[in-house]
Amino acid sequence: MLTALAGGVGAAKFLSGLVAVVDPASVTAIVNTADDDEFHGLRISPDLDSVTYTLAGAQNVAQGWGLAGETFATMDALDRYGVPTWFRLGDRDIATHLFRTQALAAGAPLSEVTARIAAAWGLATRLLPVTDDPLATRITVRRADGREETLRMQEWFVKERSESPVVAVGFAGAETATPGPGVLEAIAGAETVIVCPSNPVISIGPILAVPGVREALVARRDRVVGVSPIIAGAPVKGPADRLMDPLGIEVSCVGVARAYADFCSTLVIDSRDASRVAEVEAAGVRAVVADTLMTDSRIAAALARETLASVA
Ligand code: GDP
């Protein structure tokens, strides 16, 4: 049994490499839900959907989110009513949100709805929302006039294109959230726990913020291996740098090592960062150098193999 902590696209690419080299049914992914939000009355779970669609081979690679071959007629039609459509939902993707929203309204917990969606897409891999409880990333930004404002994650990331300078990040609901069914067991019982290359602040951060999860990882530290999402001092994509820097986390594999050191014994860093091995190890984390830029499925599979071998 292998367990992975996952955000969205970076994690999804890694997981598709992983299920190419091990039995997909032996993998459990614990997925961030703090990016979840509601638009047009529909419950959206971006990271769960990115992982589901990618493992099903149905993801839109060029766009970086949503389904391949997607159309946006519903969004265009909504424009007539003057409702905000800055958060784009594809026509076929909306079916997932309709299904999820209805099932949640009928009383099913998110974990159960997620399992039904994963089964409908033919996935053998188990996807566990980190919690069934409300959990929401809140990003406090500073406006040009010096005033601070707290935004929902999607407002900052999509509507404001991650441009507004960040002063703080919080996870609403974290104090009272409980880990979803199977989450702590998946960490305790895994042969290896992999921290996927995901945004350390807003994808891995909320997973760690659910009470009990970080402690469960600390107890398995020897078997926890991370893959750095930062290569040569920059994220591969997305706004990790715009979140790490204001929070005092160096935007490098060394910063990731320091942030994960209490629960992660090994970090896979990119070959472009080979010169930083000593600094990673000074943080108390063993460094393993590999090609971590997953530009194709062959590289993702090789990275998964090397990640597993690094803690063999
Ligand atoms: P998001 O919620 O869709 O942004 O997804 P994640 O949190 O999973 O992924 C974002 C992080 O994944 C970013 O910090 C990226 O730098 C990282 N990432 C994306 N693709 C790759 C890759 O091919 N290799 C590595 N090492 N990191 C990646």
Side-chain angles (χ1 to χ4, degrees), residues 4-18 29-37 44-55 59-66 87-88 127 129-130 135-137 139 153-154 156-158 161-162 169 194-208 225-245 247 249-257 259-260 267-274 276 280 287-304 306-307 310:
L5 308 190
V9 176
K13 281 196 284 180
F14 181 87
L15 288 168
S16 47
L18 184 63
I30 298 172
V31 183
N32 172 41
T33 56
D35 291 359
D36 292 20
D37 210 328
I44 317 296
S45 295
D47 285 351
L48 282 166
D49 290 348
S50 289
V51 171
T52 301
Y53 294 161
T54 303
L55 288 178
Q59 80 282 16
N60 190 319
V61 176
Q63 192 172 260
W65 51 271
F87 194 87
R88 309 291 290 163
L127 303 191
V130 63
L135 181 67
T137 295
I139 302 198
M153 148 65 193
Q154 303 298 349
W156 177 75
F157 179 60
V158 179
R161 297 195 189 89
S162 319
V169 175
I194 301 161
V195 184
C196 291
S198 290
N199 188 313
V201 178
I202 56 169
S203 291
I204 303 303
I207 295 176
L208 301 172
V225 54
V227 179
S228 175
I230 306 296
I231 300 180
V236 176
K237 83 167 235 316
D241 51 341
R242 301 188 61 79
L243 293 155
M244 293 168 74
D245 192 48
L247 300 187
I249 306 171
E250 183 184 302
V251 185
S252 72
C253 60
V254 178
V256 174
Y260 290 176
L267 185 68
V268 181
I269 65 171
D270 195 78
S271 42
R272 295 156 194 82
D273 290 315
R276 311 219 54 186
V280 169
V288 172
V289 178
D291 181 4
T292 73
L293 187 59
M294 296 174 283
T295 45
D296 62 40
S297 54
R298 191 185 50 81
I299 297 175
L303 175 59
E306 286 180 78
T307 302
S310 74

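Order of listing sets the numbers, starting from 1, for every ligand and every atom in it. If you're wondering where the values come from, they're calculated on a predicted model, not measured in any experiment.
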Main-chain N/O of G8 paired with N32 side-chain donor or acceptor, under 3.5 Å
no

How would you list, by chain and number, every residue that makes a side chain to side chain contact (heavy atoms under 4.5 Å, CB included) with N60, sequence neighbours excluded?
A62, Q63

For residues 235-244, please give each side-chain donor-acceptor pair under 3.5 Å, one per line with the distance, not counting sequence neighbours.
{"from": "R242", "atom 1": "NE", "to": "S162", "atom 2": "O", "distance (Å)": "2.5"}
{"from": "R242", "atom 1": "NH2", "to": "E163", "atom 2": "O", "distance (Å)": "2.7"}

Does the Q59 side chain pair with the main chain of G64, one donor and one acceptor, at a distance under 3.5 Å?
no

Are there any N/O pairs under 3.5 Å between ligand 1 and the protein, and if so, what are their distances?
{"from": "ligand 1", "atom 1": "2 (O)", "to": "D47", "atom 2": "OD1", "distance (Å)": "3.2"}
{"from": "ligand 1", "atom 1": "3 (O)", "to": "V9", "atom 2": "N", "distance (Å)": "3.0"}
{"from": "ligand 1", "atom 1": "5 (O)", "to": "G8", "atom 2": "N", "distance (Å)": "3.1"}
{"from": "ligand 1", "atom 1": "5 (O)", "to": "V9", "atom 2": "N", "distance (Å)": "3.1"}
{"from": "ligand 1", "atom 1": "7 (O)", "to": "N199", "atom 2": "N", "distance (Å)": "2.8"}
{"from": "ligand 1", "atom 1": "7 (O)", "to": "S203", "atom 2": "OG", "distance (Å)": "2.7"}
{"from": "ligand 1", "atom 1": "8 (O)", "to": "G8", "atom 2": "N", "distance (Å)": "2.8"}
{"from": "ligand 1", "atom 1": "8 (O)", "to": "G10", "atom 2": "N", "distance (Å)": "3.3"}
{"from": "ligand 1", "atom 1": "8 (O)", "to": "A11", "atom 2": "N", "distance (Å)": "3.3"}
{"from": "ligand 1", "atom 1": "8 (O)", "to": "S198", "atom 2": "OG", "distance (Å)": "2.9"}
{"from": "ligand 1", "atom 1": "12 (O)", "to": "P197", "atom 2": "O", "distance (Å)": "3.1"}
{"from": "ligand 1", "atom 1": "16 (O)", "to": "P229", "atom 2": "O", "distance (Å)": "2.7"}
{"from": "ligand 1", "atom 1": "16 (O)", "to": "V236", "atom 2": "N", "distance (Å)": "2.6"}
{"from": "ligand 1", "atom 1": "20 (N)", "to": "K13", "atom 2": "NZ", "distance (Å)": "3.1"}
{"from": "ligand 1", "atom 1": "23 (O)", "to": "K13", "atom 2": "NZ", "distance (Å)": "3.2"}
{"from": "ligand 1", "atom 1": "23 (O)", "to": "M294", "atom 2": "N", "distance (Å)": "2.8"}
{"from": "ligand 1", "atom 1": "24 (N)", "to": "T292", "atom 2": "O", "distance (Å)": "2.6"}
{"from": "ligand 1", "atom 1": "26 (N)", "to": "S228", "atom 2": "O", "distance (Å)": "2.9"}
{"from": "ligand 1", "atom 1": "26 (N)", "to": "T292", "atom 2": "O", "distance (Å)": "3.3"}
{"from": "ligand 1", "atom 1": "26 (N)", "to": "T292", "atom 2": "OG1", "distance (Å)": "3.3"}

Keeping the roles fixed (side chain from D273, backbone from A232), state whether a donor-acceptor pair exists under 3.5 Å.
yes

Which residues satisfy the salt bridge (charged side-chain N to carboxylate O under 4.0 Å, His left out) test with D49, sequence neighbours excluded?
R100

